[in-house]
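This report concerns only the one structure given below.
Just so you know, these numbers come straight off a predicted model, no measurement behind them. Below, read A as the first sequence line, B as the second, and so on, with proteins coming before strands; counting in each chain starts at 1.
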Number of protein chains: 2
Amino acid sequence: MRIVDLIRKKRDGQELSCEEIALLIRRYVAGEVPDYQMAAFLMAVVFRGMTMVETQSLTRSMLETGKVVDLSFLPAPKVDKHSTGGVGDKVSLVVAPLAAAAGVVVPMMSGRGLGHTGGTLDKLESIPGFRVRCTEQEFKRALERNGLAFIGQTEDLVPADQKLYALRDVTATVESIPLIVGSIVSKKVAEGIDALLLDVKVGTGAFMKTEVLAESLARALVETSKALGMKSVALLTDMNQPLGHAVGNAVEVEEALRVLGGDGPEDLRLLCVEMASHMLVLAGTVKDLPEGRGRITDCLRSGAGLEKLEQVIEFQGGDSAVVRHPDRLPHARLRQEVASPQAAFVAGMDAEKIGHAAMLLGAGRDRMEAQVDPSVGILVHKKVGDRVERGEPLCTLLYNDPGKVPASLEQVLGAYHWDHQPAQPPALIKKILQ
Amino acid sequence: MRIVDLIRKKRDGQELSCEEIALLIRRYVAGEVPDYQMAAFLMAVVFRGMTMVETQSLTRSMLETGKVVDLSFLPAPKVDKHSTGGVGDKVSLVVAPLAAAAGVVVPMMSGRGLGHTGGTLDKLESIPGFRVRCTEQEFKRALERNGLAFIGQTEDLVPADQKLYALRDVTATVESIPLIVGSIVSKKVAEGIDALLLDVKVGTGAFMKTEVLAESLARALVETSKALGMKSVALLTDMNQPLGHAVGNAVEVEEALRVLGGDGPEDLRLLCVEMASHMLVLAGTVKDLPEGRGRITDCLRSGAGLEKLEQVIEFQGGDSAVVRHPDRLPHARLRQEVASPQAAFVAGMDAEKIGHAAMLLGAGRDRMEAQVDPSVGILVHKKVGDRVERGEPLCTLLYNDPGKVPASLEQVLGAYHWDHQPAQPPALIKKILQ
């Protein structure tokens, strides 16, 4: 079996066998298949897609290139949460401490931001001293002690994904459902978790712009997770406007702290309660969602979630005083309000443009190796359904480099769509797949 | 401008600018764009295609990576002929000497066979001593003296094509009209010719199985040639059965010699007269096709074509006595007749299977680095429209290794389609595009 024949088979729309996919992935990781053949194969997958069986073979083959973390020494159920990426999506910072406070073990392995979406690791690193890199032993000790650890992907976890992702990033082959599924699910299974809550974002600020596409991705994620023996539920949630008000890194941590303190923007708070409740159901800690909501609301009221986060920050080397004194987080030196060009209702938002505007200020990266400025970002004051007067502030730009403002400003202004009638804010949760 | 953005643009079906294509090709040849990015781009082109403007930009950019041979010291018009590849296609061996004998300069730069199609260079190398590699100076001297030279592509002619073709071969990206056009036309313009006759094969033994596809390729070849300042005509010719009777290397040279001697199979002879006449028209040596046919028929009758080939073989180090004594060509040690399994009419043939059968005997190569056995091949006795009795020979396999016969035999038997009614042999020339 020659690799070029496998590429041709996929190019011509035929289904590859489990053995063919396993061979390709194994030989690629062993360095026997060159990057250029894999790049051609990946582009053929972008166009042809993969059947559910192929997607599962891919995921299993990727998983088999590394080891699965053994968390069986922890008696409690282990549940992680993964978001496909959005603008202002700081949900992980809230739900992980809440679920952990309610007795679930949350081995949260997160990624960095790229393009218009932020990453949980970048946000956490805005807390002075916070370390997201650790050994497997440290990771296990953190979970044993706190029931929660926030870490980056370790080097030996799914080597196929490390190598494939680096290649996809430079060959425009990131945007493919089976490749996304293979990457996410193989890593999550390798973490040694029992169940996974998936937050599949849909809308103007998400990778999946339509509900049909988002549902395809969610379905493939859930079915592949199950095929690999991991329980899973996917929520299709709205990304037609930023979540909450803060978009950036330190500003998002601050907003997450407010939610954990029982306050914060309503959309974010509601979504976090729902997500954390689903994690408790997946863990089997509660019998159903209403019971889960009750437990999570208790954790919010008692401050148990906030305390859990404080504990974790302390353990991971961060300045845990930020939990009580958010002003200890880095702040941008300068700020500028973006005035509304007209008096009208906000009819819709292009959330991607808001994310892009924050990236332009330095809150995100346009390529993997770029640096992030933890202090900059955007505060979004007006969202869909809001009435705005001419000259009233739509957003506030928080920045350090005035040279970056004009391009960012243009994106923010272009993100707003107007109407003379009030619009209904989009539903937060569009669908639940399990 | 990042290369990944160019890949994405093509992937998403947008048109690239001339500057973008030029940048990509220039940086690829300079080693600044890695193979894996080019491989992803090529696969995106396979799926998305290219507009005529993009195809012309690609061809021009490829051409600009090398030099154009300066043949202006030769006063006569310079015309080459190119075939997209077929089974038993020895037309070049006949038309090049005929056109040269009629006063056209024919700088024939050919390729090697791959898969089920043979290559002119491999066929010529079955003549003992014949050399197809030479310096540019030797090439020019050959043209000056004989008006004809058969050579392989020199190293510095279109470096982009050398590099791209090697990559396409191992990434399943050969089959793409714009990439084929870029490769063929850039090389032909670089030869320094005034005009090009294109033989675009269509049918079961051709790369293009349907007339619609073949016409798209022919149209793109002709328009791109013109855009680069090279006159060009394309003939869509039949490849639903092998051309002539001989398939292989020495056996094809032998058949070509018979045609040049005024004999040989009728289909091959007719096609060669038409093709050579078109070359004379393109050269401006004759005013129209009927005059061209007259001149070519004269060259056949007088033996001027045969003499020209003899001269060229001599000049390129070959045993020119083969022209008068074809038995000096290498012969296979063994032969086996393939008996017809039934009494019926040949309704159709899968010419690709005949080509594949010859390759299996050693007449062709399944990968670039494989060796060719010049002596082996197939003689096809029965073609479309012929009546065959049960047990009557359909073909004769000429071979040296008996172990290779069973697989070859199976291909030959599978190539024949039968009917109880006589079928009309396919028209030789289906369309002329200019």
Among A/Leu167, A/Asp35, A/Asp12, which has the most heavy-atom pairs under 4.5 Å with chain B?
->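 Option with the greatest count: A/Asp35.
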
Which atoms form the tightest heavy-atom contact between B/Arg11 and A/Phe47, and what is the distance?
->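 The pair with the smallest heavy-atom distance is O-CZ, 3.5 Å.
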
Which heavy-atom pair separates B/Val170 from A/Tyr36 by the least distance, and what is that distance?
->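 Shortest heavy-atom separation between B/Val170 and A/Tyr36 comes out as CG2-CE1, 3.5 Å.
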
Are there more than 12 heavy atoms of other residues, nucleotides or ligands under 6.0 Å from atom CD of B/Glu410?
->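 Incorrect, the count does not exceed 12.
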
B/Glu32, CD atom: more than 12 neighbouring heavy atoms under 6.0 Å =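 Correct, the count exceeds 12.
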
Inter-chain contacts: residues 3-10 of chain B against chain A, heavy atoms under 4.5 Å =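 Hits under 4.5 Å: B/Val4, B/Ile7, B/Arg8.
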
